[in-house]
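Both backbone and side-chain heavy atoms feed into the values below; hydrogens, waters and symmetry mates do not. Just so you know, ligand 1 is whichever comes first in the structure, and atom 1 is the first atom listed for that ligand.
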Amino acid sequence: MDALLKTYKRLPVELERGEGVYVFDSAGRRYLDLYAGHAVTSTGHCHPRVVRAIQDQAAKLIFYSNAAGLRLREQAASLLIRHAPRGLTQVLFANSGAEANENALKMARRHTGRTEVVAMAGGFHGRTAGAMSVTGIEKYRRPSAPLLPGVTFVPFGDLAAAEAAVSDRTAAVILEPIQSMAGVKTAPAEYFAGLRKLCDRSGALLIYDEVQTGIGRTGTMFFAGRDGVLPDLVTLAKGIASGVPLSAVLVSAPVAEKIGYGEFGTTFGAGPLAMAALKATLETIEDERLLENVTRTSLGLTERLARIPGVIEVRGLGFLLGLKVAADAAKVQEELFRRGVIVGTADEPGVLRLLPPLTLKPHDAEPFVDILGPAIEAVTAR
Ligand SMILES: Cc1ncc(COP(=O)(O)O)c(C=O)c1O
């Protein structure tokens with residue numbers, strides 16, 4: 001029996017190493033990685049600057065908790081806040097996306113003195129009890145039911161439904177600004193502005209789960225701030241430290257002001273290795289102009305993908321793309337894998353997800369553009 005408990009279904013491969021946008025198996029075969037281990041390796045696999053930062057830090061101090069000061073921690077936090085949307089002035093570090101969302105929900109309850117939450121059908125926020133309670137995908141919720149009470153789900157993008165659900169008992173409205181797992185779905189700017197107004201009117205906090213959209217994936221550092229809409233709390237994880245486990249909650253000044261010592265924290269949060277990786281990741285994004293790269297590469301890629309026979313629709317923004325294909329997406333994923341390209345699927349059948357490293361260049365993606373049509377055709381011909 002496998003000593004590892006079943007979690008995710010595994011690709012039929014033993015990976016040995018990674019370099020840039022590629023991973024290599026134990027036989028030396030190269031795969032183009034358009035999935036980045038669930039949107040995590042933002043600067044590509046083993047970016048030399050990130051590797052060096054981790055190695056240097058490991059030789060100095062692998063760990064000390066927040067119980068002691070650490071200059072690197074201050075520097076990494078300041079750098080992150082320097083990039084943060086206006087009004088988000090402090091950061092709490094944790095370890096996973098779910099944990100960041102747990103903390104954001106707890107802050108909203110703490111700040112408002114209320115317990116109810118409005119969340120979105122199709123939203124995914126993690127697998128711990130609180131994060132799962134606001135996740136709007138039934139197949140994940142069912143095994144853990146009953147979950148936390150007081151959560152109302154509304155259809156994503158439906159402002160009237162949100163208006164009917166938000167009241168003076170609502171602590172927070174939580175959403176992924178682009179629902180990734182649900183099939184890469186977003187909403188128009190007016191929707192986000194409308195939610196902001198609803199929250200202002202009712203005194204609820206607006207939480208953006210930017211675990212996937214954050215740290216450059218959509219071509220801007222954050223989705224927050226787009227069209228002038230500023231949430232009260234933003235949660236981050238995945239690509240924030242290029243693969244070293246780290247998550248964060250960006251916190252607005254009024255929320256931060258009420259929080260005292262001892263209320264929030266976690267042993268491993270803001271550990272030195274994660275801080276070294278965060279700082280190197282942000283510096284790499286800046287120095288290599290990766291935001292511009294995401295926007296430019298995505299534009300060309302989406303235009304070409306949309307013209308491929310068998311591709312029905314290209315959704316998303318930057319390097320968070322959903323391809324609706326005219327075939328079983330899981331089978332197309334397998335076929336692409338056989339041909340040396342790793343992509344993801346989504347909960348919506350027929351949707352492939354591309355979440356590549358932010359370093360992907362147009363020429364890197366060429367082999368994928370060339371084989372996608374034939375892969376879809378091979379699956380439909382079976
Ligand atoms: C939008 C979003 N939020 C939260 C999470 C949970 O993150 P983690 O798996 O690090 O707990 C995920 C994970 O896929 C996610 O996509």
Which residue owns the protein heavy atom closest to [atom], what's the atom, and how far is it?
{"atom": "atom 3 (N) of ligand 1", "result": "D209 OD2, 2.7 Å"}
{"atom": "atom 7 (O) of ligand 1", "result": "G97 CA, 3.3 Å"}
{"atom": "atom 2 (C) of ligand 1", "result": "F124 O, 3.4 Å"}
{"atom": "atom 14 (O) of ligand 1", "result": "K238 NZ, 2.9 Å"}

Quiz question: by atom type and distance under 3.5 Å, do the side chains of S96 and S247 form a donor-acceptor pair?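 Not at all, the side chains of S96 and S247 share no donor-acceptor pair under 3.5 Å.
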With no hydrogens and no angle check, just 3.5 Å: does a side-chain donor-acceptor pair link D33 and Y22? no
Measure centre to centre between the rings of Y8 and H38, then say whether the value is under 6.0 Å.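 Yes: the rings meet the under 6.0 Å criterion.
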Please confirm whether Y140 and F124 have ring centers closer than 6.0 angstrom. yes
Would you mind running through ligand 1 and noting each atom that sits below 4.0 Å from a heavy atom of [X]?
{"X": "S96", "answer": "10 (O), 11 (O)"}
{"X": "V211", "answer": "2 (C), 3 (N), 4 (C), 5 (C), 12 (C), 15 (C)"}
{"X": "N101", "answer": "3 (N), 4 (C)"}
{"X": "E176", "answer": "1 (C)"}

Would you please name every residue forming a ring-ring contact (aromatic ring centres under 6.0 Å, His included) with Y64, sequence neighbours left out?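 Y64 satisfies ring-ring contact (aromatic ring centres under 6.0 Å, His included) with no residue once adjacent residues are dropped.
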Heavy atom of H125, distance to ligand 1 below 4.0 Å: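 Yes; H125 lies near enough to ligand 1 that a heavy-atom distance drops under 4.0 Å.
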Test your reading of the structure: does Q212 have an N or O sitting under 3.5 Å from an N or O of ligand 1?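 Yes, there is a polar N/O contact under 3.5 Å.
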For A98 and ligand 1, does the shortest N/O to N/O distance drop below 3.5 Å? yes
Please check if V244 and L358 belong to a single hydrophobic cluster, counting links between Ile, Leu, Val, Met, Phe, Trp and Tyr side chain heavy atoms closer than 4.5 Å.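 In one cluster with V244: L358, no.
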Joint hydrophobic cluster, I207 plus M120, side-chain heavy atoms closer than 4.5 Å: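 Looking at the clustering, M120 is in a separate group from I207.
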Within-cutoff protein neighbour (heavy atom, under 4.0 Å) for atom 9 (O) of ligand 1: no
Tell me whether K185 forms a cation-pi arrangement with F156, defined as NZ or CZ under 6.0 Å from the six-membered ring centre and within 45 degrees of its axis.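 That pair does not qualify as a cation-pi contact.
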